[in-house]
2 protein chains.
Amino acid sequence: MKNNKKLSGVKEIARLADVSIATVDRVIHNRSGVSAITKSKIEKIIKELNYQPNILASRLASGKVYRLAVLIPKGSERTDFWDAPLKGIKRAEEEIRQYGISVDFFFFDLNNKDSFIDSAQKIKNSKRFDGVLLAPSFVKESIQFIHYCEQDTIPFVFIDSNIEAKGILSYIGPPLFQSGFLGARLCAIGMRQTQKILFVNISKESNSFNYSKIEEGFNNYFFENDVDHQLIKLDITDTEKKSVFLNLEKIFSQHPDIEVIFVTNSRVFYVAQFLESKKYSKIHLVGYDFSKENQNYLKNGWIDFLICHKPEEQGYKGLMSLYHHIVLKLPVDQIYFMPIDIVTRENQDFYR
Amino acid sequence: MKNNKKLSGVKEIARLADVSIATVDRVIHNRSGVSAITKSKIEKIIKELNYQPNILASRLASGKVYRLAVLIPKGSERTDFWDAPLKGIKRAEEEIRQYGISVDFFFFDLNNKDSFIDSAQKIKNSKRFDGVLLAPSFVKESIQFIHYCEQDTIPFVFIDSNIEAKGILSYIGPPLFQSGFLGARLCAIGMRQTQKILFVNISKESNSFNYSKIEEGFNNYFFENDVDHQLIKLDITDTEKKSVFLNLEKIFSQHPDIEVIFVTNSRVFYVAQFLESKKYSKIHLVGYDFSKENQNYLKNGWIDFLICHKPEEQGYKGLMSLYHHIVLKLPVDQIYFMPIDIVTRENQDFYR
DNA sequence: CTGAAAGCGCTTACAG
DNA sequence: CTGAAAGCGCTTACAG
C-alpha cells in the first residue's frame, strides 16, 4: 500500500492519525485544545515513528526570537578576568544568532552591590527574557533575583560561582575543593627546607563560600598526604596595592624564611609585584587565573603556577546551555565542573 | 516611498535589482548564466544591504546532504587513545546532523600500512565525499591520498599530527616542540640528587617527525635554563610489553641511580607497570595521554604527570572545521594548536 | 540569460 | 476541539 510519496514529519503523522497537521503541531508542543483521545493517538504514532522535529523548519516558520539576558561583572582596569567569560559568551552568541537568539548584556561592578541590584532590576522590568545567564557574585542579592526567575519560570544558569537555588538549570564553574587540593600540591613542589607556606587571601569577602572551599581542599592535601609543613595565613581585606604591600612587609619581617606563597585568586600578581620589588626570587608562588597581569609575571618567572578554570569556556558553555534547553529542548547537565588547568611559563602560550 | 511591506533577503534584493529571485540566487552562489551587467548590479546591492543569507532557509530548501569522510586509526586493545578523537567526532556529528551532514567512518590499523591504503582507496572509490578528516599517521601514504583530494578540490583536515600539504584546510593538533619543552620542566621537578633522566621512546617509528620535535623541545629546555642533568636515551622499537620490560631491566642494571623517566607517548603505562613490578617507587615518571591505563597509574601514583592534548576536542574541532568551511562558508584557522595540558592525580577527575 | 512556480517541514492566525 | 491555507527565506527544476 506504499503508494503515497514518502511523506515524513508532521505530514506523515497527520496522515497516519487521520487528522490535520495543525492538530499534530498542537500535540507536539503540548498546546491545549486537543481531545484526549486524539492526543494519545498522535503521541503513539510519534513514538512509533521515533519522530524528531526538524528544527531548521521549526525555527524558520516561527519567527520567534528568543531573548537571553546576561548579568556578569564588568572587566575593570584592575583585572580583566571577566573579559574572558564575556568573550566566550559573545562567541556563543555569534554561533547561535542565526538561529533566532538575541542576547542583552547587563554589567555590574564587583565593588558595588547596588550596581548588581540595578542591573537585576532592569532585567526584571523589561519582562521579556526567556533565559538568564548570571554570575551570582553577591549572594543575598542573587538569591532575591533568582526568586523572581523561579516565579516566572525563567530558566537561569550560574557561572563561576554557585549558590543554593532550586530552580537552577545549570551551574558551570570550578570544583573549588579539588582546586585548592591541587594548589597545595603545586605548593609542595616548591618546598625545600623550612617548608613555610604563606596562604594569602586578598579580597573584601575573604570568608565567602568560594574561598573557604579552596582553603578546605588546600588543607586537606597536607592532611591526606601527611606532608610536613608550616602554614601561615594572611587575610588582606583592603585590596589596594599599597595595602597588599604593607601586609606582606609585615609578614616577611616576622617570617623571613617563607618559601612558598599561595594566593587564592587572581590578585596573585600583586604578590608577584611585591616579590619583584624585594628581589625575593627564590620564593615559589602559586595563584589563580590567566589574566594579562598574571601572564606577564608567569612569563618572567615571578609566578610559578597558575590554576585556571577556562573562564572563556564557562561563558560559552553558559550561554549554550540556555540555548540547548530553551530552543533545542535538549537535556542539560545540572552541574558542569570545569577542569582544573595548570598553567606554567612553558605552556602558557597555548592556553585559552 | 516605503510602501512595500518590509521585504528582506533575496526578495528585497530581487526587487531592488528588478530581477527575479532565481537570478539573485544564481549570483549569490556564483552560478553561471547571468549577464555580467546584471551580476554586478546584484552584487552591488548585496554589498549595500550587507546581506547575510539565512542558513536555516537555505539548508531547508536545498535537500542537499553534505557527506564527510573520517579516516583515523581504530582504538586497539592495547591503547584506547583513538577512542577519544572518535568520541569528539561523534559529538560533532550529533550536533550538526540536523543541518544535513552525514559522516562515514573509515578506520585503519596503526600497525598496518595496508589497512590505511585500503581505507583511503575506499574513500576515493566512492567519489561522493565533500570533505575528509584524517590522521596522517603514515606519511608517504597520506601524501598520496592528499594528492587525490587536492586534484578533486576536496577539502581535508588533519588531526593529531601534521605533514606538508598545500591544499590543507586546517591542522588541529599539539605544538610538539613546546610539549617536549614542558615535559622537561615536569621532569626537572622530580630531580633530586643524581639528576639522571631516562628518555624513552617506545614506538616502531622512533625517528618520526613527531618524536624528534618532542625531543628537540625537551633538550632545549635544559639548554635554555642551563639545568645540570644527565640524559640517557632509550629507543624501544618492539612495542610489546615483554620487550619494554627487558629493555628497562638492562638500562637499570647499567644505571641503577635513575631518578626521572620521560616517555614520549601513551605507552608510558608500560614503564609504570615496570616500576610497580620492581617497586621503584621513588622514580618520577612523566608521559603522554589520558588513556585508561595511564589514568590508573596516575591515580595510584606510579605516574606523576601526564601531558595531554585534548584528543576528544581535536576530533570535535576537526569535524566542525569541515562543517564551518563547507556548509557555513566561514573562515577556518589553518593551524590550530591545542593547549598543552598537565594532568596529575589531583586534577585528573575533572579532565576531559 | 531570465523568471514563474512549487516545495523544503514546520508554525500561525483564522474560521468553524 | 479541529482543519485549510498562507507563509518563513531560501532552492530547484522547468520553461522560455
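Below, chains carry the letters A, B, ... as their sequence lines are ordered, and counting in each starts from 1.
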To the side chain of [X], which of [options] is closest?
X       : options               : value
B:Ala61 : C:dC10, C:dG7, D:dA13 : C:dG7
B:Ser20 : C:dG7, C:dG3, D:dG3   : C:dG3
A:Leu60 : C:dT2, D:dC10, C:dG9  : C:dG9

Can you tell me if [X] touches the phosphate of [N], counting only side-chain N or O atoms and a distance under 4.0 Å to OP1 or OP2?
X       : N     : value
B:Lys11 : D:dC8 : yes
A:Thr23 : D:dG3 : yes
B:Tyr51 : D:dG9 : no

Distance-only polar pair, side chains of B:Tyr336 and B:Gln314, donor-acceptor under 3.5 Å: no

Could you verify whether a donor N or O on one side chain and an acceptor N or O on the other, from A:Glu95 and A:Tyr323, lie under 3.5 Å apart? no

Have a look at B:Arg59 and say if it touches a base, only the backbone sugar-phosphate, or nothing, with a 4.0 Å heavy-atom cut-off. nothing

For B:Ile55, report the nucleic acid contact type (base, sugar-phosphate, nothing); a contact means any heavy atom under 4.0 Å. nothing

For the pair A:Arg128 and A:Asp104, find out whether any cationic side-chain nitrogen is under 4.0 Å from an anionic carboxylate oxygen. yes

I'd like to know if B:Glu12 and B:Arg15 make a salt bridge, using a cut-off of under 4.0 Å between side-chain N and carboxylate O. yes

Closest-nucleotide 5' rank along DNA chain D - winner of B:Ala57 and B:Arg26: B:Ala57

Measure up the B:Phe105 and B:Phe107 rings against each other and bin them: parallel (under 30°), tilted (30 to 60°), perpendicular (over 60°). parallel

May I ask you to decide if the ring planes of B:Phe138 and B:Phe108 are parallel, tilted or perpendicular, using 30° and 60° as cut-offs? tilted

Kindly state which residues belonging to residues 28-45 of chain B come within less than 4.0 angstrom of DNA chain C, counting heavy atoms of the residue only, listed by number. B:Gly33, B:Val34, B:Ser35, B:Thr38

Applying a 3.5 Å limit to both distances, which nucleotide forms a Watson-Crick or G-U wobble pair with D:dA15? C:dT2

